[in-house]
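The next block holds one structure in the form of structure tokens; read it before the comments.
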Amino acid sequence: MWIYEKRLEYPVCVTGKNIRLAKWVITQYGGPDGELAASLRYLNQRYSMPTEETRALLNDIGTEELAHLEIVGTIVHKLTKDASVEELKAAGLGGHYADHDRALFYTDATGNPWTAAYIQAKGDPIADLTEDMAAEQKARATYNWLINLSDDPLVTDVLRFLREREIVHFQRFGEALNHVQELFATKKFY
Amino acid sequence: MLKRMQELGFVAVELNLYLDTHPNDAKALEQYNLIHHEIRQLQMKMDEQCGPSKGFGHSMNVGNTWQWAEQPWPWEM
Ligand SMILES: [Fe+2]
């Protein structure tokens with residue numbers, strides 16, 4: 001069960017309309033290393049995790065990623081909501097407009113739709129936690145590139161917050177992986 | 001008040017994830033409960049003054065209309 005809390009985890013302000021920036025930021029909404037992929041990956045891997053610690057961590061990070069999805073969605077919405085058709089066209093979002101008008105959609109920065117092929121679930125906790133750590137690093141790198149691209153300091157501030165969270169998640173997954181490896185070293189598995 | 005809630009909420013998320021991998025850390029456990037009390041008190045105050053912050057029965061509706069739908073959503077603020 002989830003309870004919705006009517007606030008963002010981190011406040012989102014934008015300087016103004018910025019369609020070009022939105023076109024890049026959307027990748028953290030529906031791209032391969034984005035927040036949707038992160039949340040669904042972790043929430044799905046919960047079921048086959050072997051310890052109290054790993055189940056709790058995947059549950060809770062998966063939940064925080066949903067809050068990040070909402071932050072990214074809010075950025076994109078605020079950057080594009082007042083865009084004219086001409087402006088969307090000029091920024092290369094004519095195709096997006098044809099299919100979705102100004103609605104958000106789960107795509108990467110070049111318009112490819114989200115796919116479950118972005119995520120993995122091997123059932124092996126070492127493999128899955130290692131994938132999760134790589135996923136956090138890829139998300140961190142993506143936020144880095146977005147920060148380099150951003151010309152709106154208010155959006156950059158939010159992207160920095162999100163990048164920092166990926167570093168914390170990586171750290172926590174690393175601790176969980178160590179504990180699982182220690183456990184496996186002391187137990188016999190068939 | 002919203003800003004304070006965002007700050008408290010953030011500390012709670014951090015402590016929660018930390019405790020997931022450090023379940024016996026006495027200091028973190030104590031801090032977590034302190035934050036829990038502060039969040040609960042602030043939420044009651046906010047719900048009364050600004051309308052319900054949580055759905056599905058976790059906030060009270062004050063007044064004769066359904067405030068949950070009347071208050072702006074986070075992406076509208
Ligand atoms: Fe993350």
Side-chain angles (χ1 to χ4, degrees), chain A residues 1-14 29 42 46 49 51-81 104 129 136 158 161 164-165 167-180, chain B residues 1-25 28-29 31-32 35-36 38-63 65-77:
Chain A
M1 180 64 181
W2 274 268
I3 308 300
Y4 185 72
E5 190 170 347
K6 211 169 175 176
R7 68 172 176 88
L8 296 177
E9 188 190 11
Y10 191 85
V12 171
C13 297
V14 306
Y29 194 68
Y42 306 146
R46 294 179 299 174
M49 278 292 148
T51 62
E52 287 174 9
E53 178 183 305
T54 47
R55 286 187 289 266
L57 193 63
L58 283 165
N59 182 79
D60 297 339
I61 296 183
T63 299
E64 191 186 359
E65 306 290 18
L66 277 181
H68 296 169
L69 183 69
E70 187 179 38
I71 291 175
V72 176
T74 299
I75 296 175
V76 173
H77 172 68
K78 286 190 171 184
L79 291 176
T80 54
K81 66 180 159 63
L104 267 69
L129 287 167
E136 293 295 335
V158 183
F161 169 81
E164 194 57 36
R165 297 311 295 152
I167 296 168
V168 172
H169 293 169
F170 175 77
Q171 168 78 22
R172 298 281 96 91
F173 281 132
E175 290 159 358
L177 177 64
N178 283 343
H179 295 166
V180 168
Chain B
M1 269 197 299
L2 177 63
K3 187 160 184 289
R4 181 72 189 137
M5 186 55 104
Q6 258 152 354
E7 286 164 6
L8 289 173
F10 179 70
V11 177
V13 168
E14 267 291 72
L15 283 168
N16 192 142
L17 298 188
Y18 176 83
L19 282 163
D20 284 345
T21 54
H22 304 79
N24 304 313
D25 188 317
L29 288 167
Q31 280 178 331
Y32 187 84
I35 287 283
H36 160 71
E38 246 192 283
I39 286 177
R40 216 166 57 166
Q41 280 177 353
L42 182 61
Q43 196 207 308
M44 286 207 320
K45 224 168 92 182
M46 279 179 74
D47 288 357
E48 253 173 60
Q49 293 179 24
C50 325
S53 58
K54 288 181 179 169
F56 294 167
H58 289 261
S59 286
M60 196 168 85
N61 189 78
V62 185
T65 54
W66 184 228
Q67 286 199 318
W68 177 248
E70 288 165 22
Q71 304 293 337
W73 295 89
W75 58 91
E76 298 176 318
M77 304 200 319

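Order of the sequence lines fixes the chain letters, A, B, ..., with proteins taken first and strands second; residue numbering starts at 1 for each chain.
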Original post:
By a 4.5 Å heavy-atom criterion (distance strictly below it), what part of M77(B) contacts chain A: side chain, backbone, both, or neither?
Top reply: backbone
Original post:
Looking at M5(B), Q6(B), H22(B), which one has more heavy-atom pairs under 4.5 Å with chain A than the rest?
Top reply: Q6(B)
Original post:
When heavy-atom pairs shorter than 4.5 Å are enumerated against chain A, which of G57(B), G51(B), P74(B) gives the highest number?
Top reply: P74(B)
Subject >> Point-to-point distance, once rounded to the nearest 0.5 Å, from OG1 of T74(A) to OH of Y29(A) >> reply: 8.5 Å
Subject >> Heavy-atom proximity to chain A below 4.5 Å, by part of Q71(B) >> reply: both
Original post:
Is the shortest heavy-atom distance from the side chain of M49(A) to the side chain of L129(A) under 4.5 Å?
Top reply: yes
**OP:** Measure the acute angle between the ring planes of Y4(A) and W68(B), then classify it against the limits of 30° and 60° as parallel, tilted or perpendicular.
**Re:** perpendicular
Original post:
Shortest non-hydrogen contact from E38(B) to L8(B)?
Top reply: OE2-CD2, 3.6 Å
Subject >> Part of F161(A) within contact of chain B (heavy atom distance under 4.5 Å) >> reply: side chain
Subject >> Contact class of Q171(A) relative to chain B, heavy atoms under 4.5 angstrom >> reply: neither
**OP:** Answer yes or no: is there an ion pair linking R165(A) with E14(B), defined by an N-O contact shorter than 4.0 Å?
**Re:** yes
**OP:** Please look at E64(A) and chain B and tell me whether the side chain, the backbone, both or neither of the residue comes under 4.5 angstrom of a heavy atom of that chain.
**Re:** side chain
Original post:
With only heavy atoms counted, which part of L2(B) is less than 4.5 Å from chain A, the side chain, the backbone, both or neither?
Top reply: side chain
**OP:** Using the side-chain contact (heavy atoms from CB on, under 4.5 Å) rule, take H169(A) and L17(B) through it: C-alpha gap first, then chi angles, then the decisive distance, then the call.
**Re:** CA-CA 8 Å; H169(A) 293 169; L17(B) 298 188; 3.8 Å; yes
